[in-house]
Amino acid sequence: AARALDAILAIHPRAVPFILGGDHSVAWPVVAALHRVRPRLGIVQLDAHTDLLPERLGVRLCFATWTFHANELLGRGGRVVQVGIRASGRDRAHWESTCDVRQMWAADFLADPDRAIETILGWVRASRVEEIYLSNDIDGTDARWADATGTPESGGRTPDHVERLIARLAEVVRIGAADVVEVAPPLSPTTTPVGVAARYVRASIEAISKRAGR
């Protein structure tokens with residue numbers, strides 16, 4: 001995947017990859033390829049989990065470790081902003097102090113969504129990145145709308161919250177890549193999660209297009 005992205009970016013350096021997954025490990029080659037040509041890259045990760053383990057069961061790069069290695073590659077400094085965290089054995093203070101990431105946990109987001117979105121935008125601005133990779137794990141959305149995934153979690157954001165955040169991000173920073181991952185349609189008795197994923201794809205593409213037109 002990284003070699004394919006390297007080839008695409010060699011032909012068109014300003015291409016905007018859009019990735020559909022698949023478990024969240026597919027994000028790692030995107031970060032690796034983009035960082036080689038766009039060193040001022042940041043990540044906004046919509047997720048119920050931190051994915052900040054250095055390794056999991058002896059595996060260095062997987063769905064639970066990709067953000068740790070991406071954060072190291074980008075040089076820390078708040079370039080990784082995580083939104084919707086709520087399933088973690090450690091608290092926010094641990095992750096922010098040990099990994100130098102910024103986290104908006106789901107409970108804080110839901111307490112005041114408008115204020116939370118403005119805080120997130122402030123973190124992105126403060127990181128001084130030139131563009132972001134918007135990585136959207138479907139389990140960041142509440143399980144009521146996103147049960148078609150390996151680890152659905154209750155207590156998350158609504159699809160409307162996610163779409164509003166995506167639109168606002170495009171107002172302050174270029175979205176240089178995006179994804180929608182961890183969607184597993186056979187795990188749900190309804191088509192609701194697939195519809196939600198489709199909404200996120202459309203919202204992300206619209207945000208990318210609006211920013212590109214400026």
Side-chain angles (χ1 to χ4, degrees), residues 1-47 50-55 59-83 99-102 120-121 123-138 140 162-163 165-183 197-214:
R3 288 196 298 271
L5 287 164
D6 283 339
I8 291 168
L9 293 169
I11 296 168
H12 184 9
R14 301 306 292 169
V16 180
F18 200 108
I19 310 301
L20 299 176
D23 82 46
H24 215 157
S25 64
V26 300
W28 167 250
V30 182
V31 176
L34 285 174
H35 184 258
R36 282 191 274 275
V37 296
R38 304 174 193 172
R40 296 298 301 175
L41 178 71
I43 298 170
V44 175
Q45 176 184 349
L46 313 183
D47 208 319
T50 67
D51 300 349
L52 283 170
L53 299 177
E55 65 170 33
V59 178
R60 180 175 178 271
L61 291 171
C62 67
F63 65 91
T65 69
W66 78 271
T67 310
F68 174 87
H69 296 289
N71 187 46
E72 296 297 300
L73 180 65
L74 298 182
R76 299 190 169 206
R79 291 190 180 190
V80 172
V81 175
Q82 300 185 309
V83 183
C99 297
D100 197 15
V101 298
R102 305 291 176 265
I120 293 162
L121 299 181
W123 289 339
V124 171
R125 291 189 188 98
S127 70
R128 307 178 85 73
V129 297
E130 294 179 354
E131 63 183 73
I132 61 165
Y133 173 21
L134 176 63
S135 190
N136 188 354
D137 187 325
I138 197 73
V162 175
E163 289 185 322
L165 174 58
I166 292 171
R168 292 286 285 123
L169 281 168
E171 295 176 6
V172 302
V173 68
R174 180 179 187 266
I175 299 176
D179 68 34
V180 178
V181 299
E182 297 282 356
V183 183
R199 286 176 61 180
Y200 293 165
V201 170
R202 181 178 64 189
S204 299
I205 292 175
E206 287 176 352
I208 290 165
S209 299
K210 288 178 181 176
R211 189 73 187 180
R214 295 184 179 184

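Position 1 is the first residue of the sequence; numbering continues from there.
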- Message: Distance check, rounded to the nearest 0.5 Å: Cys62 atom SG versus Glu55 atom CD?
- Response: 9.0 Å
- May I ask you to test the Trp66-Val31 pair for a side-chain heavy-atom distance under 4.5 Å? yes
- Message: For a quick test of reading the model, state the closest non-hydrogen atom pair linking Leu134 to Ser204 and the distance between them.
- Response: CD2-OG, 3.9 Å
- Task: Show the numbers, then the answer: is there a side chain to side chain contact (heavy atoms under 4.5 Å, CB included) between Leu20 and Val201?
- Result: CA-CA 9 Å; Leu20 299 176; Val201 170; 3.9 Å; yes
- Task: To the nearest 0.5 Å, tell me how far Leu73 CG sits from Arg79 CZ.
- Result: 9.5 Å
- Mind listing the closest non-hydrogen atom pair of Val44 and Leu169 along with its distance? CG1-CD1, 4.0 Å
- Item | Qualifying residue, where the test is side chain to side chain donor-acceptor pair (under 3.5 Å) with Asp51 and the options are Gln45, Gln82, His69 | Gln45
- Query: Rounded to the nearest 0.5 Å, what separation is found between the OH atom of Tyr200 and the CD1 atom of Ile205?
  - Reply: 15.0 Å
- Item | Spatial distance of atom CZ (Arg38) from atom CD (Glu130) [nearest 0.5 Å] | 10.5 Å
- For Ile43, the option from Val81, Ile132, Leu34, Leu74 that meets side chain to side chain contact (heavy atoms under 4.5 Å, CB included): Leu74
- Is a side-chain donor or acceptor of Asp137 paired with a backbone partner of His24 at a separation under 3.5 angstrom? no
- Message: For Arg40, is the CZ atom crowded, meaning more than 12 foreign heavy atoms sit under 6.0 Å from it?
- Response: yes
- Short side-chain to backbone donor-acceptor contact, Thr67 and Leu52, under 3.5 Å: no
- Spacing of Asp179 atom CG and Leu46 atom CG [to the nearest 0.5 Å]: 9.0 Å
- Query: Do Glu131 and Arg14 pass the side chain to side chain contact (heavy atoms under 4.5 Å, CB included) test, and can you show the C-alpha distance, the side-chain angles, and the key distance before you say yes or no?
  - Reply: CA-CA 11 Å; Glu131 63 183 73; Arg14 301 306 292 169; 3.6 Å; yes
- Locate the shortest heavy-atom distance separating Ala33 from Asp6; write the atom from each residue and the value. CB-OD1, 3.5 Å
- Compare every heavy atom of Ala178 with every heavy atom of Ile208, then report the nearest pair and how far apart it is. CD1-CB, 4.2 Å
- Task: Kindly compute the distance separating CZ (Phe63) from CG (Asp47), expressed to the nearest 0.5 Å.
- Result: 11.0 Å
- Item | Over all atoms of both residues, closest heavy-atom pair of Val180 and Ala197 | CG1-CB, 4.1 Å
- Item | Shortest non-hydrogen contact between Pro54 and Phe68, atoms and distance | CA-CD2, 3.7 Å
